[in-house]
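Below is one structure, written out as structure tokens, with a few remarks after it.
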Amino acid sequence: MSITLTDQDKLTLRTAAWGAVSLMSAAGAAGSTHKVATHGSIALTSSTGLVGHVLTKAPKGVKYGKSVAELADQVLPALTAAMSLLKKQAPAEADNFRSTVIVAIEAAARTHQGEPSPTMAEMARKITEALDAA
């Protein structure tokens, strides 16, 4: 079965996944935001299936805002919307998207020595909660 996503669907998926990495990078600002973003991005671009094809590119023209709160206001609902969209159109890809985002946030969180900071752990919890809200 071939699944066709609209340009808006693809933008939602990209905004959600790449935005989750951006949220983790913002939460890890006490360390190396570059390392956080790099590890998360590698995880996203290493995904497979339909999700992998969509996430090969970061979203273009998306304005995430000037604060972490503004970023979260866009990304967390996009994560829920992406999961809802995929659950309706391609349930296996919904699982693939969820695990891809989880791997990306875990990869981002592991850039720090030892356990992730409380800030990063809390952001990861919010991202996971948004994924599971669909």
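Sequence positions, counted from 1, serve as the residue numbers for this chain.
- Judged by distance alone, with hydrogens and angles left aside, the side-chain atoms of K87 form a donor-acceptor pair with the main-chain N or O of A134 at under 3.5 Å.
- V103 and M120 sit in two unconnected hydrophobic clusters of ILVMFWY residues. Membership requires side-chain heavy atoms under 4.5 Å apart, directly or through other members.
- Remark: the backbone N or O of V51 is paired with a side-chain donor or acceptor of E93 at under 3.5 angstrom.
- Residue T4 comes nearest to Q89 through the heavy atom pair O-OE1, 3.6 Å, listed as atom of the first residue, atom of the second, then distance.
- Listed here is the closest heavy atom pair of A104 and V21: CB-CG2, 4.1 Å.
- Between T119 and A27, the shortest heavy-atom distance links the atoms CG2-O, 3.5 Å.
- Scored by the side chain to side chain contact (heavy atoms under 4.5 Å, CB included) test, A82 finds T12, L13, A16, F97 as partners (sequence neighbours excluded).
- Linking Ile, Leu, Val, Met, Phe, Trp and Tyr whenever their side-chain heavy atoms come within less than 4.5 Å puts L85 and I3 in one cluster.
- In this structure, the separation between CG on L131 and NZ on K126 is 14.5 Å, given to the nearest 0.5 Å.
- Residues K60 and L11 are not in side-chain contact: their nearest non-hydrogen atoms beyond the backbone lie 4.5 Å or more apart.
- Side-chain atoms of W18 come within 3.5 Å of backbone atoms of K57 as a donor-acceptor pair (strictly under, hydrogens ignored).
- Rounding to the nearest 0.5 Å gives a distance of 8.0 Å between CG of L86 and CG of D9.
- In this structure, E122 contributes its side chain and P118 its backbone to no donor-acceptor pair below 3.5 Å.
- Between atom NE2 of residue H39 and atom CD of residue E106 there is a gap of 14.0 Å, rounded to the nearest 0.5 Å.
- In this structure V75 satisfies the side chain to side chain contact (heavy atoms under 4.5 Å, CB included) test together with L23, Y64, L71, L79, sequence neighbours excluded.
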- Task: Apply side chain to side chain contact (heavy atoms under 4.5 Å, CB included) to T128 and R98, showing your working.
- Result: CA-CA 8 Å; T128 303; R98 184 184 186 285; 3.7 Å; yes
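- Residues that satisfy the side chain to side chain contact (heavy atoms under 4.5 Å, CB included) test with A37, not counting sequence neighbours, are S25.
- In this structure, R125 pairs ionically with E129, as a charged nitrogen and a carboxylate oxygen lie closer than 4.0 Å.
- When all heavy atoms of A20 and I127 are compared, the closest pair comes out as O-CD1, 3.6 Å.
- One N or O on the side chain of N96 and one on the backbone of T48 form a donor-acceptor pair closer than 3.5 Å.
- Residues T100 and L44 approach most closely at CG2-CD2, 3.9 Å, considering heavy atoms.
- Taking all atoms of both residues into account, the shortest heavy-atom contact from A124 to M24 is N-SD, 3.8 Å.
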- Item | V68 vs M123, side chain to side chain contact (heavy atoms under 4.5 Å, CB included): CA-CA, chis, key distance, verdict | CA-CA 10 Å; V68 177; M123 188 60 74; 3.9 Å; yes
